Amino acid sequence: MTSIRLSVPQTARKDEIIELKALIQHPMESGYRRGSRGEQIPRNIITRFECLYDGELVFSADFHPAIAADPFLKFYTRAVRSGTLEFRWTDQHGETWSDTASLSVT
Amino acid sequence: MIRLSPVLAFAALVAACSPSPTTDTDLPAADVRSGYTFLTAETQAMQDDSFANPGYLWVDRGAALFGSRAGDAPSCASCHGEGLTGAAATYPAIDAATGDLLNLEGRINQCRIRHQNLPALDYESDDLLALTAFVASQSAGVPISVSTDGAAAPHYRNGRDYFFTRRGQFNLSCHQCHDENWGKRLRGDTISQGHGNGFPAYRLEWQALGSLHRRIRDCDAGVRAEPKAFGDPKYIDLELYLSSRANGLEMESPAIRR
Amino acid sequence: MPDHPAPPETRFSRRALIRLGAGTVLIAATPLPAFATPDDVKAAQQELFGSRVIRDGRVTLKLPAIAENGYSVPFSVEIDSPMTEDDHVRQIAIFSPRNPIASVARFQLGPRAGRAAVATRIRLGGTQAVQAVAEMNDGSLWSGSAQTVVTLAACVVLW
């Protein structure tokens, strides 16, 4: 169970620039830490984030190990029409998590 | 920048403490300040925004667990409805049935065993942290109000003893840092008053949410004392002393701490 | 014993002695064992942008003056751009001269963003100036940087 939190306004005026926030529970293990027995803890990170507005990619990010645990992103998009915003994370092994929010544009 | 080792930093602190004799007076109630006030504005902003504060990832998970059933067991919500507003601010508290002092984690596990016929959750498991954070978050802004009389009195005395007893290779008590030297610098940190009002808290150092007992274990390890096990009765007694010491301070869980 | 200077390898400054004494502790306490250099930042930039000219300006980074913990430092970047079809930011790349890997993150955006601003939280292996390079739709490259002091926690637990 991976916890995700999204902040998307419920409504916006057409062409308004809206603020989006996305938070996901993930250790972002850098691969540089060692365990209590001195063993290297293998890297385990999310490498890709995408935000789709009605299926169209409007923002994306590539992450390296320097992105902090439980990755947080705040970015903007222009409200063009009522629709669904999908937020999608993919880790280095190809596993994905996603969540959606709907936006009503007046 | 010279990178002082923790050992040297503590040696410096011990030296700083030594000229003035150690007192045995409690922190005056008028001086009580939340750990929040020792954070930078940026870290405070991270705590205040529930969409930036990663602690809420656990709160959400806890809310889902609270409302869901495992097998035939009733959910937490089937007894407690929407939740337990204000309850966390009164813990640790004496359990009427057994006479034991329970902290919030202990109460949740006892509920599971007694009413839900479910096994206790491990300390620091994501599920126990999530449930604890969810219940604690429902007391956010509520002043801590624990009872230290009656059956709780001996626990309070034990906890206070733990707080004032020097321990570990550094021979330091909780009191020496958090009563006598709070507000002073120790390496890059300002020494806080050591309140538990933000726990379970998301510590930057942990990169995760953790319990107050995890924090106390770090303190014990920090003075090079043997940390006690999670849920050790001595830690629950200490938790009661810490809460009573912070009586009146608003709950902040899930807080951000360094 | 004749009075002569000690050979170089045994002549320690006080600071070096402190480092020696604390050496094992420091190795265990340092979360990031290797560090990039400004050259690594150049190499990472070249990989992304070739040898195109990067000009100073239009890029504003925000970092706290003092980062309380290098594991999680609030970071934001904003590019001065109208974000129209004709004039917008295509991507923003973040670089660290002192982390194990120079590349921190890369954000792709376009006119749909409306505003070229991104905030996140990053890990910093020490006090440094973080750099951002923005690529515009006309192919021009702009950069900015911000400095932060990364402090060490008082009670580092060594396990």
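We name chains A, B, ... by the order of the sequence lines, and we start the count at 1 in each one. This structure is a prediction, so every number in the text was calculated from the model and none was measured.
- Contact tally against chain A (heavy-atom pairs below 4.5 Å) for B:D49, B:N53, B:D60: the top residue is B:D60.
- Figure legend: B:R33 and B:W182 shown without cation-pi pairing, the cationic atom not lying both under 6.0 angstrom from the six-membered ring centre and within 45 degrees of its axis.
- Residues B:T43 and B:R258 have side chains not in contact (no heavy-atom distance under 4.5 Å, counting atoms from C-beta outward).
- Aromatic ring orientation, B:Y123 versus B:F230: parallel (interplanar angle below 30°, classes split at 30° and 60°).
- Residues of residues 82-106 of chain A lying under 4.5 angstrom from chain B, judged on non-hydrogen atoms, do not exist here.
- Between A:F59 and A:F75, the ring planes lie parallel to each other; the angle is under 30°, not in the 30° to 60° tilted range.
- A cation-pi arrangement is not found for A:R5 relative to A:F72, the charged atom failing to lie both closer than 6.0 Å to the ring centre and inside a 45° cone about the ring normal.
- Only the backbone of A:I24 comes within contact range of chain B, with at least one heavy atom under 4.5 Å from a heavy atom of that chain.
- Environment of CG in A:D54: crowded, with over 12 heavy atoms of neighbouring residues, nucleotides or ligands closer than 6.0 Å.
- Side-chain atoms of A:P65 and A:R43, non-hydrogen and from C-beta on, do get closer than 4.5 Å to each other.
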